[in-house]
A.B. asks: 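Would you mind keeping the following structure in view while I ask a few things?
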Amino acid sequence: MRGGFIRGGRYELRNATMVDLIGTAWGVDPDKVVGGPSWLDTDRFDVIAKAPANTTPEWLRLMLQALLADRFKLVVRRDTRPFPEYVLTAGKHPQLKESSGGGQSSCQPAPQNAQSTTPGTIPNADFSCHNITMAQFANRLPLMAGDYFQGNPLVDLTQLKGSWDFTLIWTWRNALAAAGTSGISIYDAVGMQLGLKLDVQKVPMAVIAVDSVNEKPTPNLPGVSQTPPAIPTEFEVAVIKPSAPGSTQRSVRIEPGGRIDLRGFTLKALIKFAWDFQDNRSEEHTSE
C-alpha cells in the first residue's frame, strides 16, 4: 500500500487491500483486522478523493470509514481477540532498585570499554536505566533489543508501581552462537538480572471485526475522475543538503499535509525511490 496523506487537496491510497483500508480507517495494524471473506487480503484497490488540504488525520480516518461504509457496505465492530504477544511479568523476587525520583527517565547505553573493542571479543549490549517505570521500560526495550523483537511490541503486565534504577546486559541475537556459554539472551538477562519474566503469551487485544462487506464497490459517478485535483508534479519548496558526516542510516517520513522528509539517501537511492524501482543488489556491488 502507498499513500495515505493529502497533497494539494488530493487524498490517495494505492494498491491497498481491504484489510489495509480498514486498518488505515480505524488506525489499527492490519493484523488486528479479523473476520470477513478471504479476498480481504488479496483484492487491491486505489482510492483517490478530494479533501480540504487542512483536514486532520483524525478526520481523514472518519471520512475513509464513511467511504467504505457507503461504497463497500462495510459493517465492522470493535472486539477483542487473544493474540500472541511479548509480555513482561514480575517474578517472585524482582531485583530492582527503587528510584529516588530525581532526574529524567532514561535508558542509556554504557560507554564501550577497551575490552569490548578488543578484536575477537563478542560485544554485549549494556544499558543503564534510571527513574523509569515498567510501562516506560516495556515501550523502550523492543527498541533497545530490536534484533530480538523484530518490530513487535512488549506488553507490561508486571503490575509494579513506581520508578526504578537498574542495569541490563545481554548478547546481541546474531552474536549468541559465537559467544557460546558466555552469551546471554535478552530473555535470560531480564530473568537473571531483573527478576522479571519475558516471554510470549496470548493477550486479549483490541481488534476490528468485519461482519459484512461487498467485494465490488458501487460504481463511480459519471465524470468523477475529473473532480479530484491534478497530481502535483513539483514541490512547492525543497531543501537539499549533504547528510551529516558518517551518517549511514536511511529514513523516509511522510507527514500530514504532504511534507516528505528523506534522510541519508545517496543519489542512486533517490533515483530508485523516485521511479519506484527495486532490485536485489546492494549499492556497494552495483556498477556506476
A.B. asks: Given side chain to side chain contact (heavy atoms under 4.5 Å, CB included), test Thr133 with Ser163 step by step and report yes or no.
C.D. replies: CA-CA 4 Å; Thr133 66; Ser163 57; 4.3 Å; yes
A.B. asks: Do you know which two heavy atoms are closest between Ala209 and Arg81, and how far apart they sit?
C.D. replies: CB-NH2, 4.1 Å
A.B. asks: Look at atom NZ of Lys202 and say whether more than 12 heavy atoms of other residues, nucleotides or ligands are closer to it than 6.0 Å.
C.D. replies: no
A.B. asks: So, taking the atom named CG in Leu13 and the one named OG1 in Thr24, what distance separates them when rounded to the nearest 0.5 Å?
C.D. replies: 5.5 Å
A.B. asks: For Glu85, check salt bridge (Lys or Arg N to Asp or Glu O under 4.0 Å) against everything at least two apart and list the hits.
C.D. replies: Lys32
A.B. asks: If I take atom CG from residue Leu168 and atom CG from residue Asn124, how far apart are they, to the nearest 0.5 angstrom?
C.D. replies: 10.5 Å
A.B. asks: Considering residues at least two apart in sequence or located in another chain, which fulfil the salt bridge (Lys or Arg N to Asp or Glu O under 4.0 Å) criterion with Asp70?
C.D. replies: none
A.B. asks: Give me each pair satisfying salt bridge (charged side-chain N to carboxylate O under 4.0 Å, His left out) with a member in residues 205-221, each pair once, sequence neighbours excluded.
C.D. replies: Arg77-Asp211
A.B. asks: Can you check whether Phe149 reaches Leu141 side chain to side chain, under 4.5 Å on heavy atoms?
C.D. replies: yes
A.B. asks: What's in the same ILVMFWY side-chain cluster as Leu143, cut-off under 4.5 Å, chained through other members?
C.D. replies: none
A.B. asks: With clusters defined by side-chain heavy atoms of hydrophobic residues (ILVMFWY) lying less than 4.5 Å apart, directly or transitively, does Met205 cluster with Val28?
C.D. replies: no
A.B. asks: Under a 3.5 Å distance rule, please check whether Thr171 uses its side chain to pair with a backbone N or O of Ile184 as donor and acceptor.
C.D. replies: yes
A.B. asks: So, for Ser128 and Thr167, which heavy atoms are closest and what is the spacing to 0.1 Å?
C.D. replies: OG-OG1, 4.0 Å
A.B. asks: Among residues at least two apart in sequence or on other chains, which ones pass ring-ring contact (aromatic ring centres under 6.0 Å, His included) with Phe83?
C.D. replies: none
A.B. asks: Would you check if the side chain of Asp46 reaches a backbone N or O of Asn15 as a donor-acceptor pair within less than 3.5 Å?
C.D. replies: yes
A.B. asks: Do Val155 and Ile186 sit in one hydrophobic cluster, given that two such residues count as connected whenever their side-chain heavy atoms are within less than 4.5 Å of each other, even indirectly?
C.D. replies: no
A.B. asks: Scan for disulfide bond (SG atoms under 2.5 Å apart) pairs involving residues 33-107, sequence neighbours excluded, and state none if there are none.
C.D. replies: Cys107-Cys129
A.B. asks: Can you list everything that forms a side-chain contact (heavy atoms from CB on, under 4.5 Å) with Pro37? Sequence neighbours excluded, please.
C.D. replies: Trp39, Leu40, Val213
A.B. asks: Using the test side chain to side chain donor-acceptor pair (under 3.5 Å), find all partners of Thr218 that sit at least two apart in sequence or belong to another chain.
C.D. replies: Arg71
A.B. asks: For residues Tyr86 and Pro153, report the shortest heavy-atom separation together with the two atoms involved.
C.D. replies: CB-O, 3.5 Å
A.B. asks: Are Leu21 and Val34 joined in one hydrophobic group, where the rule is that I, L, V, M, F, W and Y side chains link up if heavy atoms are under 4.5 Å apart?
C.D. replies: no
A.B. asks: Measure the OG-CE distance between Ser185 and Met192 for me, rounded to the nearest 0.5 Å.
C.D. replies: 9.5 Å
A.B. asks: Give the cluster check for Met18 versus Val47: same hydrophobic cluster or not, with ILVMFWY residues linked at side-chain heavy-atom distances below 4.5 Å.
C.D. replies: yes
A.B. asks: For Phe137, check ring-ring contact (aromatic ring centres under 6.0 Å, His included) against everything at least two apart and list the hits.
C.D. replies: Phe166
A.B. asks: Just one of Thr89, Leu154, Val87 clears the side-chain contact (heavy atoms from CB on, under 4.5 Å) bar with Leu198, so which one?
C.D. replies: Leu154
A.B. asks: Can you name the ring-ring contact (aromatic ring centres under 6.0 Å, His included) partners of Trp172, sequence neighbours left out?
C.D. replies: Trp170
A.B. asks: Is Phe45 reachable from Leu64 through a run of I, L, V, M, F, W or Y residues, each pair having side-chain heavy atoms under 4.5 Å apart?
C.D. replies: yes
A.B. asks: About how many Å separate OG1 of Thr55 and CE of Met63, when rounded to the nearest 0.5 Å?
C.D. replies: 5.0 Å
A.B. asks: What heavy-atom pair brings Leu196 and Ala90 nearest, and what distance separates the two atoms?
C.D. replies: CD2-CA, 4.0 Å
A.B. asks: Run the side chain to side chain contact (heavy atoms under 4.5 Å, CB included) check on Ile208 and Arg78 step by step: do they pass?
C.D. replies: CA-CA 5 Å; Ile208 300 297; Arg78 294 189 180 275; 3.7 Å; yes
A.B. asks: Got a sec, which residues hit side chain to side chain donor-acceptor pair (under 3.5 Å) with Asp165, two or more places apart in sequence or on another chain?
C.D. replies: Ser99, His130
A.B. asks: In the structure I gave you, are the side-chain heavy atoms of Trp164 and Lys97 within less than 4.5 Å of one another anywhere?
C.D. replies: no
A.B. asks: Which side-chain hydrogen bond (donor to acceptor under 3.5 Å, both in side chains) pairs, counting each pair once, include a residue from residues 146-160, with sequence neighbours left out?
C.D. replies: Asp156-Thr158
A.B. asks: For atom CZ of Arg44, decide whether the heavy atoms of other residues, nucleotides or ligands shown that lie under 6.0 angstrom number more than 12.
C.D. replies: yes
A.B. asks: Quick one: do the Asp41 and Thr17 side chains pair a donor with an acceptor below 3.5 Å?
C.D. replies: no
A.B. asks: Sub-3.5 Å donor-acceptor pair from the side chain of Ser105 to the main-chain atoms of Asn131, do we have one?
C.D. replies: yes
A.B. asks: How many angstroms lie between NZ in Lys161 and CD in Glu98, if you round to the nearest 0.5 Å?
C.D. replies: 13.5 Å
A.B. asks: Return the CD to CD1 distance between Gln65 and Ile22, rounded to the nearest 0.5 Å.
C.D. replies: 10.5 Å
A.B. asks: May I ask you to check whether over 12 heavy atoms, not counting those of Glu58, lie within 6.0 Å of atom CD?
C.D. replies: yes
